[in-house]
Protein chains: 2
Amino acid sequence: MTTKAAAPTLAPDTRTRILDLAEALLLERGFNAFSYQHLAKELGVKPAAIHYHFPSKDDLGTALVTRQLRRLRKWRDLPRVADLPPVEQLEALFAVYDNHLGHDRRVCLFGSLAADFRTLPPLMQAELRTFNRELTEWLAQVLAVGRATASLRFVGSPAAKAAQVLTTLAGALQVARVHDETPFQVIVGQLRLELLA
Amino acid sequence: MTTKAAAPTLAPDTRTRILDLAEALLLERGFNAFSYQHLAKELGVKPAAIHYHFPSKDDLGTALVTRQLRRLRKWRDLPRVADLPPVEQLEALFAVYDNHLGHDRRVCLFGSLAADFRTLPPLMQAELRTFNRELTEWLAQVLAVGRATASLRFVGSPAAKAAQVLTTLAGALQVARVHDETPFQVIVGQLRLELLA
DNA sequence: ACACTTACTTACTAAATAGTAAGTTATTTT
DNA sequence: AAAATAACTTACTATTTAGTAAGTAAGTGT
């Protein structure tokens, strides 16, 4: 009974600390720009400890994408997200990307891995494809309902518009990385201007 | 007089061959995913030969971005581009990105470097910023003229729309990398649908 | 109490990395 | 013809990389 209670988020275990740090480095510097030594040094453990939890970097990378995919599904199905009207679901999505800016201008998972995609292990590639596909399908549904209820406005198919909007958001975080937050705000402002009826 | 004539594009020198191969690898696998050894092996020279032309990888990376910036300026100022009506200038831009698909689905320079941006040498960062800024300014001008002459249609400022469109194009190549050409065509189709009056 | 498992550390290996220094050879320049 | 330069190769170094194997100490289950 005392397995997982009391303090909610105090002292995460090493496995989680590895994932959290690896995720931060992935989104801040890229997948091929950090090593087990970097992780180990910053976590105060030996590199072999990381190999214990994730035998190879491929395993670690795959675990990162898998965790993100789990998070997406959880977030999407959360009552406080799923039960929202389309406009607010869209704003909730914008808020997720906006939140990346505050975290040292991290790019999103997709934007971080797309360029190096061909150097990634096949399972990691597959998970990232699933992640992007499910997110796009979710947004397409949001857009479809939004237009049906006249709260959102756009031409073309919901699927095409969803692909376009998500691509723009991922790219906007990259532009923010290269310049500063301004272009991100400008681009999201443009999206709002066009979509909100 | 016989320094540079006769055959126009036969037998490029080693320096150019290095740049061409490095560019291909950069756009296909990412900046941190190729080494001087890779380049040397494929070019049939020794790694030190590459160090001779580009002492450090930083120098090589910077040279790649600088060359691309020169190309942008040349392309933009070409009579057959500069003298086009806005709609066809926009289509010429689309054609550049579309051309990447045919080259093994290469991402664009910006999309390739954004994720790893913080691992890049400062001069390379600066050149990439300039590249993106000048391209955005060029497109903003195209859009402004297009709307003024009623051949293009959009809400908001030309600068904001230009930032949004370029970001979307860069992202669309990344999505094509992760999935296939289809989403790229879908996204560009959506852009055409919205922009062409 | 004993065996077993978890979560590591210590100590190592083989390969790849960027980079350098000292030649070598062919071509220009003078 | 001699000197200088360009474009390399050979041979090397120091560092970093992922990954492994064997050991250890603290719990956990029986």
Side-chain angles (χ1 to χ4, degrees), chain A residues 1-6 10-23 25-26 28-65 113 116 118-125, chain B residues 1-6 10-23 25-26 28-65 113 116 118-125:
Chain A
M1 208 189 262
T2 46
T3 40
K4 250 187 187 180
L10 264 181
D13 59 3
T14 303
R15 198 192 130 91
T16 305
R17 294 206 308 142
I18 294 169
L19 281 172
D20 288 347
L21 178 59
E23 183 179 297
L25 289 173
L26 168 64
E28 280 161 27
R29 325 212 0 131
F31 188 65
N32 290 322
F34 70 88
S35 69
Y36 272 37
Q37 293 189 37
H38 290 127
L39 297 173
K41 185 163 271 184
E42 187 138 345
L43 293 174
V45 298
K46 300 300 156 182
I50 316 213
H51 282 287
Y52 170 76
H53 291 285
F54 306 97
S56 76
K57 204 182 170 186
D58 287 4
D59 296 316
L60 173 57
T62 304
L64 282 173
V65 184
L113 293 174
D116 305 325
R118 285 173 185 163
T119 73
L120 306 179
L123 225 133
M124 201 175 162
Q125 296 184 343
Chain B
M1 206 191 263
T2 47
T3 40
K4 251 188 187 181
L10 266 180
D13 59 3
T14 302
R15 197 191 130 93
T16 304
R17 294 205 310 141
I18 294 170
L19 281 172
D20 288 345
L21 178 60
E23 183 179 297
L25 289 172
L26 168 63
E28 280 161 26
R29 329 217 350 136
F31 188 64
N32 290 321
F34 71 89
S35 68
Y36 273 35
Q37 294 189 35
H38 291 128
L39 297 172
K41 184 163 274 187
E42 188 139 344
L43 292 174
V45 298
K46 302 298 157 184
I50 317 217
H51 282 286
Y52 170 75
H53 291 284
F54 306 97
S56 76
K57 205 181 169 186
D58 288 5
D59 296 317
L60 173 56
T62 304
L64 282 172
V65 185
L113 293 174
D116 305 324
R118 286 174 184 161
T119 72
L120 305 179
L123 224 132
M124 202 174 162
Q125 296 184 343

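Quick note on labels: first sequence line is chain A, next is B, and so on, each numbered from 1. Every value quoted in this text rests on a predicted model; they were computed, and no experiment measured them.
Regarding B:D13, its CG atom lies at a distance of 8 Å from the P atom of D:dC8, rounded to whole Å. Between the CZ atom of B:F54 and the C1' atom of D:dC8 there is a distance of 15 Å, rounded to whole Å. The distance from atom CD1 of B:I50 to atom P of D:dA7 is 15 Å, rounded to the nearest whole Å. The nearest whole Å value for the distance from the CZ atom in A:F31 to the C1' atom in D:dA18 is 12 Å. The distance from atom CG of A:L39 to atom C1' of C:dC8 is 16 Å, rounded to the nearest whole Å. Between A:D59 atom CG and D:dG19 atom C1' there is a gap of 12 Å when expressed in whole angstrom units. In this structure, the CG atom of B:L43 is 10 Å from the P atom of D:dC8, given to the nearest Å.
Of the residues listed (B:I18, B:L26, B:D59), the one engaging B:L64 in a side-chain contact (heavy atoms from CB on, under 4.5 Å) is B:L26, and it is the only one.
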Name the pairs: protein N/O against N/O of nucleotides 20-23 of chain C, kept only if under 3.5 Å.
none

Mind listing the N/O atom pairs, protein and nucleotides 14-17 of chain D, below 3.5 Å?
{"from": "D:dT17", "atom 1": "OP1", "to": "A:S35", "atom 2": "OG", "distance (Å)": "3.3"}
{"from": "D:dT17", "atom 1": "OP2", "to": "A:S35", "atom 2": "OG", "distance (Å)": "3.4"}

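For B:T62, the side chain to side chain donor-acceptor pair (under 3.5 Å) test picks out no residue, with sequence neighbours left out. Considering only residues two or more places apart in sequence or on other chains, B:H53 meets the ring pair (Phe, Tyr, Trp, His ring centres under 6.0 Å) condition with none of them. In this structure, A:T14 has no side chain to side chain donor-acceptor pair (under 3.5 Å) partners at least two apart in sequence or on a different chain. Qualifying salt bridge (charged side-chain N to carboxylate O under 4.0 Å, His left out) partners for B:D20, counting only residues two or more places apart in sequence or in other chains: B:R67.
A donor-acceptor pair under 3.5 Å is absent between the side-chain atoms of A:E42 and the main chain of A:L21, judged by distance alone. No donor-acceptor pair closer than 3.5 Å links the side chain of A:K46 to the backbone N or O of A:Q37. Using modelled atom types, no side-chain atom of A:D116 and backbone atom of A:T119 make a donor-acceptor pair closer than 3.5 Å.
Distances shown here put every side-chain N or O of A:Y52 at or beyond 4.0 Å from the OP1 or OP2 atom of C:dC8.
Across A:M124 and A:V65, no two heavy atoms sit closer than the pair CG-CG2, 3.7 Å.
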